[in-house]
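What follows is a short report on a single structure.
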Protein chains: 2
Amino acid sequence: MSNMALRMTEIVSRATIRDVARAAGVSVGSVSRALNGGKNVSARVARDVAAAAEKLGYQPDFQARSLRTRTTGMVGCLVSDVANPLYASIVQAAEARLRDAGLLMVVANTANDPARERAMVAAFRSRRLDGILVAPGSDENDRAWRELATGGAPVVILDRDVPQEESTPWPAVLVDHREGARTATRYLIGLGHRRIALLTPGARMRPGRERIAGFKAAFAEADIDPSGALVCLQESSMDFAQGDALDLLRREQRPTAIIALGTRILAGALRAGRDLGLSVPGDLSVIAVGDTDLAAVHTPAITALRWSLEDVGRAAAELLLQRLKGASGEGQSRALLPVDLVLRESCGPPKTT
Amino acid sequence: MSNMALRMTEIVSRATIRDVARAAGVSVGSVSRALNGGKNVSARVARDVAAAAEKLGYQPDFQARSLRTRTTGMVGCLVSDVANPLYASIVQAAEARLRDAGLLMVVANTANDPARERAMVAAFRSRRLDGILVAPGSDENDRAWRELATGGAPVVILDRDVPQEESTPWPAVLVDHREGARTATRYLIGLGHRRIALLTPGARMRPGRERIAGFKAAFAEADIDPSGALVCLQESSMDFAQGDALDLLRREQRPTAIIALGTRILAGALRAGRDLGLSVPGDLSVIAVGDTDLAAVHTPAITALRWSLEDVGRAAAELLLQRLKGASGEGQSRALLPVDLVLRESCGPPKTT
DNA sequence: GGTTAAATTGGAAACGTTTCCATGTGAGGA
DNA sequence: TCCTCACATGGAAACGTTTCCAATTTAACC
């Protein structure tokens with residue numbers, strides 16, 4: 001019997017605002033007002049409606065509401081790969097903030113594929129998402145940018161450069177990779193290193209470009225022959241196999257220090273060094289770009305450039321919420337987050353050869 | 001004047017199906033049929049509609065469609081923390097599969113908070129999401145389960161035990177942690193270890209329970225005094241500081257081998273061992289549960305229990321898609337994925353004392 | 001008490017689709 | 001040529017809200 005009842009509730013559709021109106025003996029308009037604004041409703045109606053809604057277990061249908069109000073209470077988040085630790089924490093933090101504001105977050109991985117990026121932007125628009133957090137896979141994907149712009153929904157950029165043409169710059173959360181790279185390089189130069197390799201993916205995107213700029217700036221300001229400044233670009237972190245690092249370290253004039261991004265590239269460099277019998281930091285100094293578990297726990301612990309991924313996510317969510325509240329003009333429209341150098345055990349003076 | 005107004009509305013709002021109908025000189029019903037089914041439409045209408053839609057850049061409004069069709073093309077994913085590497089790849093893989101099927105995925109972090117879990121389930125239901133992938137934070141959160149059940153949308157469980165009462169078991173993707181733990185323990189016992197510590201969070205959830213069961217089973221089948229089988233439960237991986245591992249390894253009869261979950265607990269154990277001057281694997285054998293970057297790249301490389309997170313995500317998505325297609329009865333309703341022991345350098349025989 | 005303003009209320013339109021239903025059109029067979 | 005029938009089409013209802021507008025009640029003030 002209870003089985004039957006259960007079955008019924010499963011099958012029977014949920015209570016609508018009409019049911020509540022009927023149960024409370026008022027019109028649907030009054031129910032809507034009572035439940036939402038609370039403005040212009042008498043105490044009696046408010047009470048009766050609340051009681052009826054409670055009794056019927058009424059839950060408003062967001063789909064229907066969305067159709068009318070043109071707002072979905074959902075925000076899209078577009079990154080190349082949510083499983084990448086460098087993105088995962090950003091997504092996590094942004095979701096937390098947005099959820100606190102009553103918004104849901106839909107995520108999509110683009111794998112840096114421009115076509116997929118455009119497809120997802122279109123999907124977001126079709127679904128009328130209220131806003132978008134996005135880290136485009138390339139700063140030159142003009143079509144994607146254009147479609148992003150015509151969407152109507154506010155967009156917040158995650159650590160990417162926006163095309164210059166735009167008159168009013170889009171809100172963005174940027175990380176000061178340039179200063180970070182400069183600090184790290186300066187530190188290594190100060191230790192006596194002259195041949196330093198910077199291992200980072202793509203100059204196609206802001207983080208890579210900025211790091212390279214900071215790297216070169218450090219050489220320039222130290223007034224040192226920059227021929228030892230080796231910039232090794234990787235198409236993506238995936239492509240950097242151990243072999244590449246091996247080639248690098250086998251060179252006649254091998255670098256005495258390496259600055260390596262993320263987890264995969266860093267891992268490749270560390271393994272290559274180990275395979276060649278190079279001790280860290282004795283034979284090779286290493287700085288990680290991004291303070292991952294790997295860097296912190298490795299033996300020896302790896303000196304790392306650290307910035308707060310949580311802050312990136314939070315700031316992005318905040319910027320977006322600000323736009324959604326309609327304050328399109330006022331307030332900060334871009335945040336620049338600092339990068340710190342966390343000193344550990346993986347750096348020392350180069351061996352005098 | 002009206003021209004002006006028209007222009008305005010054209011710019012502000014997107015083309016609707018009405019606009020397409022007018023442009024093609026047919027009724028809205030015909031446009032809908034032409035664009036969707038393709039059934040019962042003449043060649044002429046199909047052509048004209050397609051042309052008009054193309055010209056106007058028409059994109060259907062999913063919100064409106066959802067209202068009518070009772071389906072949103074979105075599925076929810078509920079885990080404790082998308083930034084946890086053990087979840088991130090699952091989410092990533094599931095999203096990839098679902099996107100290929102034209103579905104969007106909304107994610108939410110519950111931080112293992114039952115209240116938040118329920119709130120998100122309610123939010124998903126209000127939004128009428130088509131389905132839910134969920135890894136509940138506790139197998140005893142009965143209210144959450146109940147609300148999950150009454151949602152109407154198909155649910156796929158990620159590596160959790162479903163309450164027994166249910167007559168028809170829910171679809172689930174399970175990982176064979178029991179067999180994995182047994183294999184690892186057996187391996188260590190075979191090497192001669194008798195005092196082995198299993199460091200895993202919560203027996204509140206299936207993975208922990210299964211691992212403990214497998215761990216004990218290995219001792220039992222080897223007919224060995226199980227007093228050396230140390231199960232160290234952690235409320236969550238967060239709580240396991242390095243200090244706990246230090247206490248463990250300072251004991252008079254310290255374990256000669258450790259099986260440690262994930263990244264944080266493993267890191268804590270490794271650091272503690274290092275701080276105490278214990279060499280791996282000489283003084284201490286270590287097995288990681290979950291093949292993270294840390295395990296693979298650490299020196300020495302850590303022997304690890306590995307299962308495919310991608311397979312978990314893919315299988316979950318597949319199971320859900322199967323339900324969404326209406327095949328509620330047929331087909332596999334649960335998958336059990338294998339766990340492999342990846343032999344590396346972190347295990348050896350214990351020192352004879 | 002009467003007049004006016006303000007507050008509350010019910011009814012209906014609107015949001016953009018899909019789908020039902022009745023009508024119209026054509027072809028094919030008698 | 002007429003009848004039948006399948007098929008194509010237009011019009012309208014429906015999905016569940018919010019919001020506008022007009023109507024009604026209440027409050028306020030003289």
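In what follows, every chain begins at residue 1, and chains take the letters A, B, ... in the order their sequences are listed.
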Using atom names, set out every protein N or O paired with an N or O of nucleotides 23-25 of chain D below 3.5 Å, distance rounded to 0.1 Å.
none

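- Inter-residue side-chain proximity for A/V75 and A/I132 is flagged as unmet; no heavy-atom pair is nearer than 4.5 Å.
- Looking at residues two or more places apart in sequence or on another chain, you find a side-chain contact (heavy atoms from CB on, under 4.5 Å) between B/R160 and B/Y87, B/A135, B/P136, B/D139, B/I157, B/M205, B/P207.
- Residues meeting the side-chain contact (heavy atoms from CB on, under 4.5 Å) test with B/N36, sequence neighbours left out: B/S32, B/R65.
- Following rounding to the nearest Å, B/R44 (CZ) and C/dT25 (C1') show an atom-to-atom distance of 12 Å.
- Distances shorter than 4.0 Å separate none of the side-chain N or O atoms of B/R68 from OP1 or OP2 on C/dC15.
- Summarising the geometry, atom CG belonging to A/L98 is positioned 6.0 Å from atom CG belonging to A/L133; distances are rounded to the nearest 0.5 Å.
- Closest contact between the side chain of A/Y58 and the listed nucleotides C/dG16, D/dT9, D/dT17 involves D/dT17.
- Shown here are the salt bridge (Lys or Arg N to Asp or Glu O under 4.0 Å) partners of B/R116, two or more places apart in sequence or in another chain: there are none.
- One interatomic measurement links the two molecules: CZ of A/R70 to P of D/dT17, which rounds to 17 Å at whole-angstrom precision.
- The distance from the CG atom of B/L104 to the OG1 atom of B/T72 is 9.0 Å, given to the nearest 0.5 Å.
- Distance CG (A/L67) to P (C/dT18): 12 Å, rounded to an integer number of Å.
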Donor-acceptor contacts under 3.5 Å from residues 43-59 of chain A side chains, at least two apart:
unit_1 : atom_1 : unit_2 : atom_2 : d
A/R44  : NH1    : A/D48  : OD2    : 3.4

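- For B/A88, the side-chain contact (heavy atoms from CB on, under 4.5 Å) criterion is met by A/A83, not counting sequence neighbours.
- Nucleotide D/dG10 holds its P atom 13 Å from the CD1 atom of B/I17, rounded to whole Å.
- At a non-hydrogen distance threshold of 4.0 Å, nothing from residues 45-54 of chain A comes into contact with DNA chain D.
- B/S333 is listed as a side-chain neighbour of B/R323, based on a closest heavy-atom distance under 4.5 Å.
- Residue B/R65 places no side-chain atom within donor-acceptor reach of the base of C/dT17, judged by atom type and a 3.5 Å distance cut-off alone.
- Here C/dT19 presents its P atom at 8 Å from CG of B/N36, a figure rounded to the nearest Å.
- Remark: A/R18 engages A/T16, A/R22, A/V28 in a side-chain contact (heavy atoms from CB on, under 4.5 Å) (not counting sequence neighbours).
- With sequence neighbours excluded, the residues satisfying salt bridge (Lys or Arg N to Asp or Glu O under 4.0 Å) with B/R70 are A/D61.
- One atom, CD of B/Q59, and another, P of C/dG16, lie 14 Å apart when rounded to the nearest Å.
- Note on B/N40: every side-chain N or O is 4.0 Å or more away from OP1 and OP2 of D/dT9.
- Taking atom CD of A/Q63 as the reference point, atom C1' of C/dT18 lies 15 Å away to the nearest angstrom.
- Among the protein residues, A/R18 comes within range of the nucleic acid bases, having at least one heavy atom under 4.0 Å from a base atom.
- OP1 or OP2 of C/dT17 has not a single side-chain nitrogen or oxygen of B/T69 nearer than 4.0 Å.
- Residues passing the salt bridge (Lys or Arg N to Asp or Glu O under 4.0 Å) test with B/R99, sequence neighbours excluded: B/E95.
- Taking the C1' atoms of five terminal pairs at each end of the helix from C/dG1-D/dC30 to C/dA30-D/dT1, the two resulting helix axes are inclined by 40°, rounded to 10°.
- Salt-bridge annotation for A/D100 and A/R97: absent, with no side-chain N of the basic residue lying under 4.0 Å from a carboxylate O of the acidic one.
- Within residues 27-35 of chain B, the residues that place at least one heavy atom under 4.0 Å from DNA chain C are, in residue-number order, B/G29, B/S32, B/R33.
- With contacts defined as side-chain heavy-atom distances shorter than 4.5 Å, the pair B/V134/B/V156 does not qualify.
- We find that CZ of A/R22 is positioned 16 Å from C1' of C/dG11, with the value rounded to whole Å.
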